[in-house]
Structure formats: C-alpha cells, structure tokens
2 protein chains.
Amino acid sequence: MLFKKDQPYTANNNMADPAEQDLSRARAPQGRRAVISQEDLISAALALVGPHRSVSTLSLREVAREAGIAPNSFYRHFRDVDELAVTLIEEAGSALRKIIGGARTRAISGKSVVRGSIESFMEQLTADQRFLHLLMREGTVGSEAFKQAVERQLVFFEEELCTDLVRLSKVNNRPLYQPALVAKAITRLIFAQGASIMDLPKDELPKAAEQMVVMVRMILLGAQSMSDQATTENESN
Amino acid sequence: MLFKKDQPYTANNNMADPAEQDLSRARAPQGRRAVISQEDLISAALALVGPHRSVSTLSLREVAREAGIAPNSFYRHFRDVDELAVTLIEEAGSALRKIIGGARTRAISGKSVVRGSIESFMEQLTADQRFLHLLMREGTVGSEAFKQAVERQLVFFEEELCTDLVRLSKVNNRPLYQPALVAKAITRLIFAQGASIMDLPKDELPKAAEQMVVMVRMILLGAQSMSDQATTENESN
DNA sequence: ATCGCAATTATACATATGTATAGACAATAG
DNA sequence: CTATTGTCTATACATATGTATAATTGCGAT
C-alpha cells in the first residue's frame, strides 16, 4: 500500500468516567488535565517487558501505543525512552530491595537466613510483577545512563546486604573477612544465576535455588575461615 | 528529500588485487567466486561491537555495510543476523576458553593458579579482540537461540574449570565439596564482575582484579571446609 | 564463443521509528 | 463570556530496517 499516511492514534473514547477527577490533587493549575501520568507510562512499559522483551529495546511508539496515547504525548512525561527506562529500573530496584531485604531481616521460623532470602528471591522470579527480570536481564546493554542506573541499584543491594551480614556476624560471633566484598560476591552471583535460570520451567527452580544456597554458604564459610586465618596470623605476630 | 530511492550499494572497485585468488581452495565448483566469506561477515560484526554496541542490536544492513557487500548478499552466508550472532558467540567462546584454560593449566612461576587465571581474564578484558565483551555483555538479551548459545559457552567454561579444580584438589590433597557447583559459582561470578567493570578506566582494573581473587578464594576455601565438615560427619556415623 | 550457474547487486516495497509542526481540546483566570 | 495556557492529537517527514524480485557479473564446462 503506497502513500499510506501514518496511522493516526484515534483515542479510545472510554473516558467518560467522571469519578476519575482526582480532586485530592493539590491544585489544578491550568490547562487541560493530564489524561495520563508517568506511572501509567511506567506500567505500560512494565507490561511490555516479558520473558522475551527487554527494556532497552522498547520504542517510544510502542510504549505510547500500550499506554493508549499518541506518540508525541510521551514527551510530556519523559525526554526519551531512556529516561523512562532509568526510572523504571529505579522503581524496580527499590521495590525489590524492600521485599528481599525484608526477607533477610525477618527471621523466618525454622529457616536459615540464607535459605529464607533466596526463597524470597526465587518468589520474585516467578512473580507477576517482573521487577527482578528488569534488573537481572539488562545490566550490560543499553545506554550508558541505563547501565549506570542498574549498577547503582546493585550497589544498593550490596550495601544493605553488607550491613545485614555485619549484624549477623556479630550476633553469631562469627566474624567475616571483608564483609563488603562478601556482599558484592553474593549479590553478583545471585543476580547472574537468577538471570540464567529465569527462563527455566518452574519445576526446575527448586533445584536451582538449592544450588544457590550452597554457593552462598561457600562464600560465607570461606569468608569466615579467611577471617580466622587473619586472626591467627595477627596473634602469631 | 521525498521519493529518494533506496541508496544503492555501489561496490568499491578496490578489488583488482589478483593475489586474492586463493588457489589453495579445494576445487572451485562453478559460478562466480564468492567475494566474501562467513569469516568476513563475522569480523565485520566484531568490528561493530564496541564498548557501546552489543551483538544483539546489530542489524543486517549494518553488518553488510561494514563488510562492504549489498544487504541481500548477507543471506548467502547466514539465514539472519541471529545466526551470525550465534556463531560469533561460539567462536568467541572457544577462543576464550583456549586462552583462559591455558592460563589455568600453565603453572605461572611464582603465582597462584587463581591469580594467574584472573590476570589472564583481565588481559582479555582490555584486549583488542573483544571476545570477552561479547560473552559477558549479552547473556541475558536477544533471541532465545542467542541466549542459549551464550549459556552453552558458559557451561563449557564451567566444565573445564571443574576438571581443573578436581585435578588440583587431588594434587594438593585438599578435597572440594561439589566441585561442579564451585566451578559454576566461580564462572558466573567472574563473568558478572567482568561485565560490571569492563567499562572502567584501565587504572582501576588492578583493584577489581584483586577483589576477584579474594572472591574466588572465598568460594574455594568455603568449599574446602564444607568438604571437611561432610567428612567428619561421615566419620562420626 | 556460449551456456549455465552461483554470487552478488539494484531496485523496490512495506513497515517501523523518532520527532517537528500545527492545531484541537479542556481546563482555569479574568 | 473570552482569553490564556497546558495537554494531547493529527499529519507529515526523513530515515532505517528486513526482504522480495529481477538483473548483472564472473567463472567453469561444453
């Protein structure tokens, strides 16, 4: 079909619900009220990233389509898709840290902290909210700003893990060698492993989780015995 | 510029070098001789992936342009870019395994096996041949076939590492708990760490390498003491 | 020479993208 | 009411992509 003009947007006239007038907004300043918010665009993007779609490949038009707005309206909310992607990563990161950090501090009855945390991680792997996928899948592609955003979130994870590790090591009187390094190793390992198993069939996940538990134990045990060595070396001086 | 016809390829007439006739080829069957090979396309693709370009985002036309052929000629050599990407990964993987596996078996004078291997890894990080970048950067994006190709290479790494670990543990009489798991943990950790530091300025790499060494030692030490535990438990039965 | 055949190219088409421009729409302010 | 002012849409354009089709090119066989 030659000379086809660009497909217009043709808004769905499914507005009409007057209850949508959010009067709790501080003060409507002027002009037409926004029909869509940054959050709407974010969840549209979130809906598009599946097991086979990565944030860094989303196009502006695609997100706009999913959100039900005209392509150009996108610019009212973000300067470009990259900016969207970055805030997406940040939201996903903070949501996840809340969940997994919570699992780490909450003492689950009868389970070790390690196992509890990893199970919480695995739950997120199959959760409907694909936060984890976002962070795991694309640490290494996309724009510089995007990669840095992912890296930042991972560092946050590491830092929180580190303070928890230090706390626990004091409680158990089992000192850790270089806890910051331990936290980094565990975080990177778990995320890398997670990325490689996230497309596995569900029934293979428990085995993978078990492997993760062992791996983390190895790191912790190693760091403990390195601490022992360092101590005895000091004592022998 | 409306109605511009698609830019033609307009071959560079810089052939003319008759020495290019590779008479060592087994037997020219019939028809025009191929002016380009799969290898040429692969190295064209390799030239395109830099620190800010990932294989999975290469387009057919782009690779063809770089290789100096018309877009359609691409199809004579690969069914699509994905197929190119997969063989690219496979070549990079086998080249790398040769390099790093070599460093692991070759006993470097006065250096531990761990440190030697990691230094060899870091060398590849800054090598002109960007093999490592390929494998590290894109384990998690791209087509299913592509991801599986990357995963396959990582598993190869793990397996080779594993046999080396077993061998060394016997030599040193220091048994390892679940060496296959140890190999997997080390491999994934190193690649994940590598991906996150590959864009760092060169002078920060030694510190990162040092951290990697410690991380790997933690895993090894942990696996050794887990083996101790398992042994004493058995003895106490 | 000329015929056939494989490698390669030229042209074209449908489709997708980002974005510029201008106008329509809806709300508030006067 | 009208004016103003943000939000949103329609249209358009330049550009890029994958690929279908047909033509061209260069080589060996006849």
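First the proteins, then the strands, lettered A, B, ... as listed; each starts at 1.
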- Picking from dA7(C), dT19(D), dC8(D), the nucleotide nearest the side-chain atoms of Ile36(A) would be dC8(D)

- Sorted by position of nearest nucleotide on DNA chain D, 5' first, the leading residue of Val81(B) and Pro8(A) is Pro8(A)

- Task: Kindly say whether Val113(B) contributes a backbone atom to a donor-acceptor pair with the side chain of Ser117(B) at under 3.5 angstrom?
- Result: yes

- Task: Select base, sugar-phosphate, or nothing to describe what Ser59(A) touches, counting heavy atoms under 4.0 Å on all strands.
- Result: sugar-phosphate

- Message: Expected output check: what is the dot-bracket annotation of DNA chain D, where ( ) and [ ] are pairs inside the strand (brackets for crossing ones), | is paired with another strand, and pairs are Watson-Crick or G-U under 3.5 Å?
- Response: ||||||||||||||||||||||||||||||

- Message: Closer than 3.5 angstrom, by distance alone: can the side chain of Ser59(A) be matched with the main-chain N or O of Glu62(A) as a donor-acceptor pair?
- Response: yes

- Task: Tell me what Arg65(A) touches on the nucleic acid: a base, only sugar-phosphate, or nothing, going by heavy atoms under 4.0 Å.
- Result: sugar-phosphate

- Tyr9(A) side chain near dA10(D) phosphate (N/O to OP1/OP2, under 4.0 Å): no

- Test log, rule salt bridge (Lys or Arg N to Asp or Glu O under 4.0 Å), inputs Arg97(A) and Glu159(A): CA-CA 11 Å; Arg97(A) 271 180 289 128; Glu159(A) 288 170 351; over 6 Å; no

- Which nucleotide, dA7(C), dC13(C), dT19(C), lies nearest any side-chain atom of Arg61(A)? dT19(C)

- Give a yes/no on whether any side-chain N or O of His77(A) is located under 4.0 angstrom from OP1 or OP2 of dT7(D). no

- Side-chain donor or acceptor of Arg137(B) paired with backbone N/O of Thr140(A) under 3.5 Å: yes

- Item | Among dA29(C), dG18(C), dT8(C), the one nearest Gln30(A) by side-chain distance | dA29(C)

- Which of the following nucleotides, dT19(C), dG6(D), dT9(C), is nearest to the side chain of Ser73(B)? dT9(C)

- Ignoring hydrogens and angles, are the base of dT9(D) and the side chain of Arg76(A) linked by a donor-acceptor pair under 3.5 Å? no

- Which part of the nucleic acid, if any, lies within reach of Asn72(A) when heavy atoms closer than 4.0 Å are counted: base, sugar-phosphate only, or nothing? base

- Distance check: side-chain N/O of Arg33(B) vs OP1/OP2 of dA7(C), anything under 4.0 Å? no

- Message: So does His77(A) get a backbone contact from the side chain of Gln38(A), meaning a donor-acceptor N/O pair under 3.5 Å?
- Response: yes

- Item | First of Pro71(B) and Arg32(B) reached from the 5' end of DNA chain D, by closest nucleotide | Pro71(B)

- Task: Starting at atom CG of Leu60(A), determine the distance to atom P of dT15(D), rounded to an integer number of angstrom.
- Result: 19 Å

- Partner of Ser196(A) under side chain to side chain contact (heavy atoms under 4.5 Å, CB included), picked from Arg188(B), Lys147(B), Lys184(B), is Arg188(B)

- Message: Without decimals, in angstroms, what is the distance between Leu58(A) CG and dG18(C) C1'?
- Response: 15 Å

- What nucleotide among dT28(C), dC8(D), dT17(D) has an atom nearest to a side-chain atom of Asp6(B)? dT17(D)

- Per the side chain to side chain contact (heavy atoms under 4.5 Å, CB included) rule, which among Val81(B), Leu135(B), Ile42(B) passes with Leu88(B)? Ile42(B)

- Residue Tyr75(B), side-chain atoms from C-beta onward, closest of dT24(D), dG18(C), dT19(D): dT19(D)

